[in-house]
A.B. asks: 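One structure, as structure tokens, below. Some questions next.
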Amino acid sequence: MRIAQLQRPIVAAASCISRTTSTTTIRQLREALGQLRIGASNAAVEGRRHASVKSQGAYRLRDSSTIPKKLGAKKSGDSYVITGNIIYKQRGTKWFAGENCGMGRDHTIFALASGYVKYYRDPAKHPKRQYIGVVFDKADALPYPPHAMRKRRLNMTASAIPPPRPEPALSASGIPTQVVRAGAGRHPHPRDERVLRLRRDGTYAYAEESWRLGTLVRTEKRKMGSRRVAMRHRRRKARAIGLEMRAEREDQLARRKEALDRSRAAQRRKWREYRERRAAEANAGGPGGEVPSPKTSPPTAEA
């Protein structure tokens, strides 16, 4: 407020006081001071001064609410869900994943199959835990009875599989329809067996089935999880190769020993026959005057 606006009531009060005599009473002073009083109704005379410059900084109400977590149930009971739908979001395991449901690392329960949501308890698993499951039929109730058949959806229709027709052992021409060739060695491995079947094109030729040819190819997984796993696989493979080479060497030594035993048995048999023949010749050339046969040379050892 300007000073000129305050001069008028002051001047009026001063003029009132000057008109009074020296014998001013208390009553006159009160009246003079009453004229100087500023009422609440006259705001212009009060002398209020409002701020004309904005204060430094801005006052702002802080938001007391945080970012919403959006926890809780996303699907109610008997709601239809598809694979991957989120059913319940939580912090901690208030609910556990049940039939056809999975739990993420943030304890989110989601559907693993298409069906209807069921909230239930299973005292057989745990007396206090709560489970969320998915069933294929809306009328089904969880948990399933004990030892009940597991229900799965394979997106397939049930159809009767006819039994294979028995194949005769001999063809119409009288030759076998299947020939089995065992592997080499004294103890052949079952994987070394080769099953040859007679072709049906009328060529009388045998051929191996395509899926059996695929089993002969040994595939190796080159990419390992870690170097430790790769080294373990390499040691296991080296050990298996060593055992296979040792078995092959033992089989070779056994076959060589069997061949040597057969050759020794044949040599002993020849010597025995030679001695028997010499004894027979000696008995035949006695006092009877028969001429003995010419001497035969003893058998020689064969390499």
Side-chain angles (χ1 to χ4, degrees), residues 82-84 100 112-114 136 148-274 299-303:
I82 62 175
T83 305
N100 297 321
L112 294 176
S114 301
F136 304 128
M149 185 182 298
R150 183 183 177 187
K151 297 183 179 181
R152 294 184 296 172
R153 179 173 291 171
L154 303 176
N155 297 328
M156 302 173 66
T157 57
S159 59
I161 300 177
R165 290 181 295 179
E167 188 176 359
L170 298 177
S171 64
S173 58
I175 60 178
T177 57
Q178 178 176 323
V179 177
V180 180
R181 292 183 180 178
R186 301 175 69 248
H187 304 286
H189 198 274
R191 70 164 180 265
D192 296 333
E193 291 184 356
R194 300 184 62 187
V195 181
L196 306 177
R197 290 185 175 274
L198 183 65
R199 290 184 175 180
R200 298 181 181 181
D201 53 0
T203 56
Y204 299 100
Y206 290 91
E208 202 164 2
E209 297 178 349
S210 300
W211 68 272
R212 293 185 183 274
L213 289 175
T215 58
L216 298 177
V217 180
R218 298 182 183 179
T219 58
E220 297 180 0
K221 186 178 179 182
R222 297 185 177 181
K223 186 177 180 181
M224 298 295 174
S226 62
R227 186 180 179 185
R228 182 179 299 177
V229 176
M231 292 297 295
R232 190 184 308 162
H233 179 74
R234 186 180 302 175
R235 286 194 297 268
R236 191 184 298 114
K237 183 178 179 181
R239 193 182 302 111
I241 293 176
L243 292 176
E244 188 174 354
M245 293 179 61
R246 180 179 178 181
E248 185 177 356
R249 186 166 56 252
E250 291 178 354
D251 182 59
Q252 185 177 3
L253 292 176
R255 283 189 277 120
R256 186 180 301 175
K257 184 179 180 181
E258 290 177 358
L260 185 60
D261 293 342
R262 286 195 300 269
S263 64
R264 288 177 179 176
Q267 187 69 18
R268 286 194 297 268
R269 186 173 62 256
K270 288 182 180 180
W271 275 104
R272 187 170 57 254
E273 292 175 358
Y274 173 74
T300 59
E302 297 179 359

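Values below: every heavy atom of this structure, side chains too, minus hydrogens, waters and symmetry copies.
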A.B. asks: Could you report the tightest heavy-atom contact between Gly183 and Pro188, atom names first, then the distance?
C.D. replies: O-CB, 3.4 Å

A.B. asks: Which heavy atom of Phe136 sits nearest a heavy atom of Ser114, and at what distance?
C.D. replies: CD2-O, 3.4 Å

A.B. asks: Report yes if some heavy atom in the side chain of Leu196 is under 4.5 Å from a heavy atom in the side chain of Arg181; otherwise report no.
C.D. replies: yes

A.B. asks: What heavy-atom pair brings Arg199 and Ala207 nearest, and what distance separates the two atoms?
C.D. replies: NE-CB, 3.4 Å

A.B. asks: Within a 6.0 Å radius of atom CD on Glu250, are there more than 12 heavy atoms belonging to other residues, nucleotides or ligands?
C.D. replies: yes

A.B. asks: Mind listing the side-chain donor-acceptor pairs of residues 159-170 below 3.5 Å, one per line with the distance, residues two or more places apart or on another chain?
C.D. replies:
| unit_1 | atom_1 | unit_2 | atom_2 | d |
| --- | --- | --- | --- | --- |
| Glu167 | OE1 | Arg197 | NH1 | 3.1 |

A.B. asks: Is the closest side-chain heavy-atom distance between Arg234 and Lys237 below 4.5 Å?
C.D. replies: no

A.B. asks: Between side-chain atoms of residues 252-260 and protein atoms elsewhere (two or more places apart, or another chain), which donor-acceptor pairs fall under 3.5 Å?
C.D. replies:
| unit_1 | atom_1 | unit_2 | atom_2 | d |
| --- | --- | --- | --- | --- |
| Arg255 | NE | Asp251 | OD2 | 3.0 |
| Arg255 | NH2 | Asp251 | OD2 | 3.3 |
| Glu258 | OE2 | Arg186 | NE | 3.3 |

A.B. asks: So which atom in Leu198 and which in Tyr206 form the shortest heavy-atom distance, rounded to 0.1 Å?
C.D. replies: N-CD2, 3.7 Å

A.B. asks: Calculate, to the nearest 0.5 Å, the distance between atoms OG and CZ belonging to Ser226 and Arg232 respectively.
C.D. replies: 7.5 Å

